Protein chains: 2
Amino acid sequence: MNIGEAAAASGVNAKMIRHYEDIGLLPRPARAENRYRRYGARDVHELRFIGRARALGFSTADISALLALWRDRGRPSRDVRRLAERHLDDMRRRIANLEDMARNLETLVAHCHGDGRPDCPILDELAGVGG
Amino acid sequence: MNIGEAAAASGVNAKMIRHYEDIGLLPRPARAENRYRRYGARDVHELRFIGRARALGFSTADISALLALWRDRGRPSRDVRRLAERHLDDMRRRIANLEDMARNLETLVAHCHGDGRPDCPILDELAGVGG
DNA sequence: CTTGACCTTCCAACCATGGGAAGGTCTATC
DNA sequence: GATAGACCTTCCCATGGTTGGAAGGTCAAG
């Protein structure tokens, strides 16, 4: 099947399929006589794998490692879990950062009249007034 | 004062000060005879403003708007608050996305032995096994 | 005069994704 | 068999925030 069909079948668009090939995440596929890329069921399977990993927030570097682990039937599940835990920690850190910022901004917004008057605690805080 | 002192005084490093100038966030400063940028207390104040806004997660585009609102003494606080609320919504969306991913991955990690055995629900899920 | 710290501009990289140009190929329809 | 439209190819560029470095000018202290 051509790249467009593989994209439709996997949910990964053609542009990204070429990109994943570029960065070595996917092996270079066989080419037809017209130089079109040719994909099979196995490729679509890997593309779906990538799509699901992306949906869990894994970076392409992580996905590369996950694919290698997946291809290696005998790998210890320890390795997979460790990778997932590192990613989880990273996400928790990002969440905590965002929540910190959101909480602070929420407080400021709550104290801002938000009407026609010019005085505004949000700008005051940013300007370092009384902070 | 030179850019290095302004950086030290504001907490925004020199590289970023030049960048903010490039993208029009800051006015181009006066230059000394040696072409060095010259900054004053007002500039340091604006840089601190930018630093605090970045710490609240505002994009440079938002900060540009906030600076304009700040400089305009008569602006209605409504405008500031609206901008802040949009940013808050955006952050909440990002948090929700991350939490979704983290929850899903947590479940998978919890079900993975994480020992020497090869079977791993994380890879199974990514591969679409039983999913 | 030399050394080292500072400054200048310019170029490039990260990451994932998307847009688009310029050109080749296939398929359906007239 | 011509033409249209959908598909494919490679290539370059942009995003956003930040960092790194190269190559060169300037200044202060020794």
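The structure presented is a predicted model; accordingly, all values stated were derived computationally and were not measured. The chains referred to below are lettered A, B, ... by the order of the sequence lines, with proteins before strands, and numbering in each begins at 1.
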Could you state the [atom1]-[atom2] distance from [X] to [N], rounded to the nearest angstrom?
{"X": "A/Asn13", "N": "C/dA16", "atom1": "CG", "atom2": "P", "answer": "14 Å"}
{"X": "A/His19", "N": "D/dC11", "atom1": "NE2", "atom2": "C1'", "answer": "15 Å"}
{"X": "B/Glu33", "N": "C/dC7", "atom1": "CD", "atom2": "C1'", "answer": "15 Å"}
{"X": "A/Ile3", "N": "C/dT25", "atom1": "CD1", "atom2": "P", "answer": "17 Å"}
{"X": "B/Ile17", "N": "C/dC7", "atom1": "CD1", "atom2": "C1'", "answer": "13 Å"}
{"X": "A/Met16", "N": "C/dG18", "atom1": "CE", "atom2": "P", "answer": "7 Å"}
{"X": "B/Glu21", "N": "C/dC7", "atom1": "CD", "atom2": "C1'", "answer": "13 Å"}
{"X": "A/Arg38", "N": "D/dT9", "atom1": "CZ", "atom2": "P", "answer": "11 Å"}

Considering only [options], which nucleotide approaches the side chain of [X] most closely?
{"X": "B/Arg18", "options": "C/dA16, D/dT18, C/dT8", "answer": "C/dT8"}
{"X": "A/Tyr36", "options": "C/dT8, D/dT19, D/dC8", "answer": "D/dC8"}
{"X": "A/Asn34", "options": "C/dT25, C/dT17, D/dT9", "answer": "C/dT25"}

Looking at [X], does any N or O in its side chain come under 4.0 Å of the phosphate oxygens OP1/OP2 on [N]?
{"X": "A/Ser59", "N": "C/dC15", "result": "no"}
{"X": "A/Thr60", "N": "C/dC15", "result": "no"}
{"X": "B/Arg35", "N": "D/dT26", "result": "no"}
{"X": "A/Tyr20", "N": "C/dT17", "result": "yes"}
{"X": "B/Arg31", "N": "C/dC7", "result": "no"}
{"X": "B/Arg37", "N": "C/dT9", "result": "yes"}

> In terms of the angle between their ring planes, are B/Trp70 and B/Phe49 parallel, tilted or perpendicular, with boundaries placed at 30° and 60°?
Replying inline: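 The arrangement is parallel - the two ring planes meet at less than 30°.
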
>> Side chains of B/Asp119 and B/His113, heavy atoms from C-beta outward: is any pair under 4.5 Å?
In response: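 SC-SC contact between B/Asp119 and B/His113 confirmed.
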
Tell me whether the count of non-hydrogen atoms from other residues, nucleotides or ligands lying under 6.0 Å of [atom1] in [X] goes above 12.
{"X": "A/Arg71", "atom1": "CZ", "value": "yes"}
{"X": "B/Arg35", "atom1": "CZ", "value": "no"}
{"X": "B/His45", "atom1": "NE2", "value": "yes"}
{"X": "B/Arg28", "atom1": "CZ", "value": "no"}

> When all nucleic acid strands are considered with a 4.0 Å heavy-atom cut-off, which category describes B/Arg54: base, sugar-phosphate, or nothing?
Replying inline: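 Sugar-phosphate contact only.
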
> side chain to side chain contact (heavy atoms under 4.5 Å, CB included) between A/Ile17 and A/Arg37: does it pass, once the steps are laid out?
Replying inline: CA-CA 10 Å; A/Ile17 295 178; A/Arg37 291 172 177 80; 5.7 Å; no

> Quantified as the angle between the terminal helix axes (five pairs each), what is the overall bend of the helix from C/dC1-D/dG30 to C/dC30-D/dG1 to 10 degrees?
Replying inline: 30°

> Rounded to the nearest 0.5 Å, what separation is found between the CZ atom of A/Arg103 and the CE atom of B/Met91?
Replying inline: 11.0 Å

> Does B/Lys15 get its side chain close enough to the base of D/dG17, under 3.5 Å, for a donor-acceptor pair?
Replying inline: no

